[in-house]
Amino acid sequence: MTELPPFDHEPRPYSGPLADEVLRLRKEFLNPGIFLYYKKPLMLVEGKMQYVWDESGRRYLDALGGIVTISVGHCHPEVVAAAREQNDLLQHATTIYLHPNIAEYAKALAARMPGELKVCYFVNSGSEAIDLALLMARAYTGNYDMIALRNAYHGGNASAMGLTAHHTWKYNVPHSFGVHHAITPDPYRGLWGHDDSNAGRNYAADVKNLIDYATPGRIAGYIAESIQGVGGCVVFPQEYLKHAYEHVRAAGGVCIADEVQAGFGRTGSHYWGFETQGVIPDIVCMAKGIGNGCPLGAVVTTPKIAAALAQRTHFNTFGGNPVVCAQGKAVLEVIDREKLQANSLAMGNRLLAGLERLKEKHNIIGDVRGKGLLLGIELVKDRATKEPARAESAQVLEICRDLGLLVGKGGLYGQTVRFSPPMCISQADADFTLDILDQALGGL
Ligand SMILES: Cc1ncc(COP(=O)(O)O)c(C=O)c1O
C-alpha cells in the first residue's frame, strides 16, 4: 500500500464520542437535508497543515481542503496564534465602535486588489457576500435584472440560491426574481470546444442575447465564479469574461466576480481568479479560503458603488469581528511569506501533468482541467457520448478514502472528481495524490 508522505505531528488521543454515536446524534438533532460523503461516514477530529486525522488516529491527505476552505493549512500556527491572542483580549466589538483589526485588515485586503477595488465590507459567509453584492448592484444601477450562469453555485440563502443554477440546490420557493441564466461557457460539454479560438466570444454572445431578449435592456449586473467550483471545476475559454463584461457594461450593469473558491492565490498564476481572464470586476465576493476555516466573508468594491450603499445605514453584527479579522490578516501574511501562490502554481502544474498522464491510461477520464490547486477530472462512461460516470466517481472517492486520500466531487451529477488541497502541499503529497488516484481508477 502506498504510504502517506512522512509528517512530524502526533495527534492527541481522542476520548470523545465515537463516530456511530455522533451519527446517531446528528440524525436525531440536525437538519436532515445535510449530506455526508462516504458510505461509512468519516469523522475528523484533528488537522495540521495538509493533513487531517480521524478518531482512531488515522491520517489522511486533505486534497479537498475542507471544500476549498483551508487555504494555508489546517491549524496553521500563525493563524491559530493570531486568533488566540485576540480571543484572549476582546472577542467581540461591532462597527459602532472603533477597533484596529477591522481597519488594518481592510487596508491589507484592499492592497491586494487591482484598480479601484478599495472599499471592503465584511460578512460571515459566501452566501452573505453574494447577497450583499446583489444589493450593491441593484442599489448602484437602479436596475433589477441579473445575469448569472448555468452550472453556477453561489450559496444557499434566498438570493444566492436564485443565482445558483443546479436543480439540486434550488428549493421550490420563490427565489430567482429578475435572474436569468446564460449558457455555461464549458469547453468540454458546451457548443464551442477547447480547439475553438472564438469560444470565449461565442459563449459571451449568449449574455448579450439574454440582455436583449429577457430583460428590459438595462441590467443591474452579471455574476460568475472565476472558475466554476461546485459545478465541477469548469474553466472558461480565454477572453470569455472580457467579452461578457463588455456586454454587461454596455447595458448599464456591474460585473461581479465570485472568488469564494478561486481567490487568494489558489489559481497559482494569479492572486485572483478573474485576473486569469484579464478583467477587473466592479464587485468581488470572497469567503472560504479568506479565513482558512473561520466564518469570514467579504465584498470589495469601488468607492463609487459603495457610495450607493450609503443611502441607508448598513450593519452586520459579526461582520468584521476582531477575532476573524485577526485570523484573516494572518492568512494574507502567511500566503505572502510562505509564497503559497507560487507553490499552488508549481504543485498545480505537477498535478495537472500527472492527471493528463492518467487520462492517457484510464478511458473513464473524459476531461482534465483547472488552474493551480483548483483542479478536476470529469469521469464519463464513454468518451464519445460523454455520459456522466456518476457511480464510478462516487466509487473513486470511496477507494481514495480507504487509501488515505480525501478528494471531492462536483458537477450536476457528481461526475467530476475535484482536487483543492491546502496551498502548502509538497511534491510528495502531489505524487501521493496521483498514485492513489491511479489505483482508485484502476480498481473500478
Ligand atoms: C463559488 C461559491 N460561492 C459562494 C458560496 C457560498 O458560500 P457559503 O457556503 O460560505 O455561504 C460557495 C460555497 O460553496 C461557493 O463555492
Side-chain angles (χ1 to χ4, degrees), residues 31 33-35 37 64-71 121-137 146 148-166 168-171 175-176 179 181 184-186 221-236 241 255-264 266-267 272-274 276-277 281 283-300 316 318-319 321 324 327-328 331 370-376 407-412 414 416 418-420:
N31 163 10
I34 52 180
F35 60 96
Y37 268 14
L64 181 58
I67 318 191
V68 209
T69 301
I70 301 302
S71 43
Y121 294 72
F122 294 112
V123 294
N124 310 290
S125 69
S127 303
E128 258 194 272
I130 299 293
D131 182 64
L132 181 56
L134 206 59
L135 174 66
M136 273 178 191
M146 284 293 303
L149 290 179
R150 294 185 196 164
N151 198 44
Y153 183 83
H154 295 290
N157 63 8
S159 32
M161 193 191 300
L163 296 166
T164 291
H166 267 189
T168 37
W169 307 103
K170 287 166 94 73
Y171 286 86
H175 57 57
S176 298
V179 177
H181 289 100
T184 319
D186 177 352
Y222 163 91
I223 183 166
E225 296 157 85
S226 300
I227 289 179
Q228 288 186 329
V230 172
C233 198
V234 174
V235 181
F236 306 148
L241 281 182
C255 300
I256 306 173
D258 181 339
E259 288 281 324
V260 168
Q261 297 207 10
F264 298 93
R266 182 165 283 284
T267 60
W272 301 108
F274 58 78
T276 65
Q277 287 263 326
I283 300 173
V284 181
C285 299
M286 309 166 191
K288 288 189 183 270
I290 189 176
N292 199 45
C294 70
L296 170 60
V299 182
V300 183
N316 185 310
F318 295 117
N321 167 283
V324 296
Q327 184 152 337
V331 168
K371 286 186 187 298
L373 290 176
L374 199 55
L375 299 169
V407 293
K409 58 183 172 173
L412 185 59
T416 302
R418 297 189 58 202
F419 311 89
S420 50

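Below, each value reflects all heavy atoms present in this structure, side chains not excepted, and no hydrogens, waters or symmetry copies. If you're wondering where the values come from, they're calculated on a predicted model, not measured in any experiment. In each ligand, atom 1 is the first atom listed, and ligand 1 is the first ligand listed.
Listed by chain and number, residues touching ligand 1 at under 4.0 Å (heavy atoms only) are Ser125, Gly126, Ser127, Tyr153, His154, Gly155, Glu225, Asp258, Val260, Gln261, Lys288.
For the pair Val324/Phe122, no side-chain contact is recorded, criterion being any heavy-atom separation below 4.5 Å from C-beta on.
Qualifying ring-ring contact (aromatic ring centres under 6.0 Å, His included) partners for Phe318, counting only residues two or more places apart in sequence or in other chains: His92. Evaluation of the ring-ring contact (aromatic ring centres under 6.0 Å, His included) rule for Phe419 yields no partner, not counting sequence neighbours.
Residues Asn157 and Ser127 have side chains that never bring a donor and an acceptor to within less than 3.5 angstrom of each other. Under 3.5 Å, the side chains of Asp186 and Gln228 contain no donor-acceptor pair of N or O atoms.
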Without placing hydrogens or testing angles, list every side-chain donor-acceptor pair under 3.5 Å for residues 288-299, not counting sequence neighbours.
residue: Lys288; atom: NZ; partner: Ile67; partner atom: O; Å: 3.1
residue: Asn292; atom: OD1; partner: Ser71; partner atom: N; Å: 2.9
residue: Asn292; atom: OD1; partner: Val72; partner atom: N; Å: 3.1
residue: Asn292; atom: ND2; partner: Gly73; partner atom: O; Å: 2.9

